[in-house]
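All of these numbers come straight from a predicted model, not from anything done at the bench.
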Amino acid sequence: MTHTSAVRGTAAKGAAALPLRTNKSFRAYWFGEAVTLAGSSVHGVALPVIAVLELDASPGQVSLLVAAATVPAFVLALPAGVAGDRYPKKKIMIGTDLAAAALVSAVPVCWAVGVLSVPVLYAVALLLGALTVLHQAASIAVVPELVARAHMHPANARIAGAFSLADTAGTYGGTLVVGLLGAVRALWLDSLSHLVSAWCASRIRPSTARRAAAARSARMGAAIREGVRYVMRDPIQRPLVLSLAGLAFADGIVTTYFAYTLLTRLESGSTGLGLVMGVTAAGGLAGAVVATRLVERFGPARMLLTGFLAYAVCGVPLLVARPEPVWLGVIAAAGALRTSAAVAAGTTQRSLRQQLCPPELQSRAQQTSVWLATGLRPSCPLWPPRSSAGDGRSRTALALDGSADPSVPGAQPAAAGLAWPGRSRTHSGPR
């Protein structure tokens, strides 16, 4: 190690021990990820409109589109965890953000030259999903390299709060932009947000001491097995991860068809969809505000149990909803409460994992949890409803919303619309 790198490592280690309000690396990370989440929230409104209303996508095509977005989470989660532990997380974050900016830009470019089609969306979804998996393997696991152990839960609560606020602002802003500019042009904002995120990532200084503890195994398989063994043998993480994995399938169905149901059976229109998604996302801010205090008062176990139960109960209104404006309000209010519960439980679960996990296993432990929880999700979009009017099968799928798994990327809140692979709602849920 050179003298310069040693000085920088010492400075980064000292910065991690600073209070969050004076930690420049944490603030840069916090702002950059929040900005890209706001951009992803814009396309969370724009993409369902493009696929369903502009390209006349059928339920089957919507299913394949979401499947293309979710497959990378299962196929690449474990290798991405190894990459996050082997290589500097900062460089991974910058590279994936730049590549994602280019991919998102491909949609409006294809539209401008008259070649945009559903198959093009399939390709973009698949590639962007792969970049998202790799980015998340680094961006979530880098937090312990930016803040001290004592600040872990407050840091995750602030992250969730900022992301919920950015999510809400991006959703409402996306609704306005889609109305003024059109759904396709609105995607330029998402591309710009990735560029801002890449610049902010270049400003962070992870702790060199913590990162250096990661060993580079000679074989990918051996490194993956090490991460899986750690999670499955840990007495705290194993039961939590396995229970969440069993719930992921039901949530995958709901996440796939939430936006489609609002646009068709409930006749919400793009404005109604954006309003429901915005109010739902706003609940995350409340959950982030109270999370740390609730854990200090009641303990993490009770916090997790209460959060999961509330998340389940709040899915009932969607089962009985009718195409009336009042039902959109009910669904939005229930979604806000569900998001609040998910964020409170999510920050608790993530903080526990980051505090207990050795530095050299942070990314692999996180991605093992992701892999187990998302194992069944790629098959969820392959169960399309029989009609846009909503028959028994689609209602059964929506009824399973009570089993939603807030640990899955993009699953919190369920109002994420189509599971378009961006950063949207990723950071708020536990993993």
*Which one of T96, D97, V35 satisfies the side chain to side chain contact (heavy atoms under 4.5 Å, CB included) criterion with S197?*
D97

*With a cut-off of 6.0 Å (strictly less than), are more than 12 heavy atoms of other residues, nucleotides or ligands near CZ of R185?*
no

*Please list all pairs passing the side-chain hydrogen bond (donor to acceptor under 3.5 Å, both in side chains) test where one or both residues lie in residues 122-131, with sequence neighbours left out.*
none

Taking side chain as C-beta onward, heavy atoms only, is [X] less than 4.5 Å from [Y]?
X    : Y    : value
C357 : Y230 : yes
R203 : Y29  : no
V107 : V124 : yes
I159 : F26  : yes
L98  : H194 : no

So, does [X] use its side chain to make a donor-acceptor pair with the main chain of [Y] at under 3.5 Å?
X    : Y    : value
T348 : A344 : yes
T306 : M303 : no
T368 : R364 : yes
K89  : V142 : no
Q366 : Q136 : yes
Q354 : A141 : no
Q367 : A80  : no
W371 : F74  : yes
Q61  : S58  : yes
N23  : V147 : no

*Give the intermediate values and the outcome of side-chain contact (heavy atoms from CB on, under 4.5 Å) for residues T347 and H153.*
CA-CA 7 Å; T347 56; H153 197 282; 4.0 Å; yes

*Could you walk me through whether E33 and H135 pass the side chain to side chain donor-acceptor pair (under 3.5 Å) test, one step at a time?*
CA-CA 11 Å; E33 294 295 302; H135 183 95; 3.1 Å; yes

*For S363, check side chain to side chain donor-acceptor pair (under 3.5 Å) against everything at least two apart and list the hits.*
none

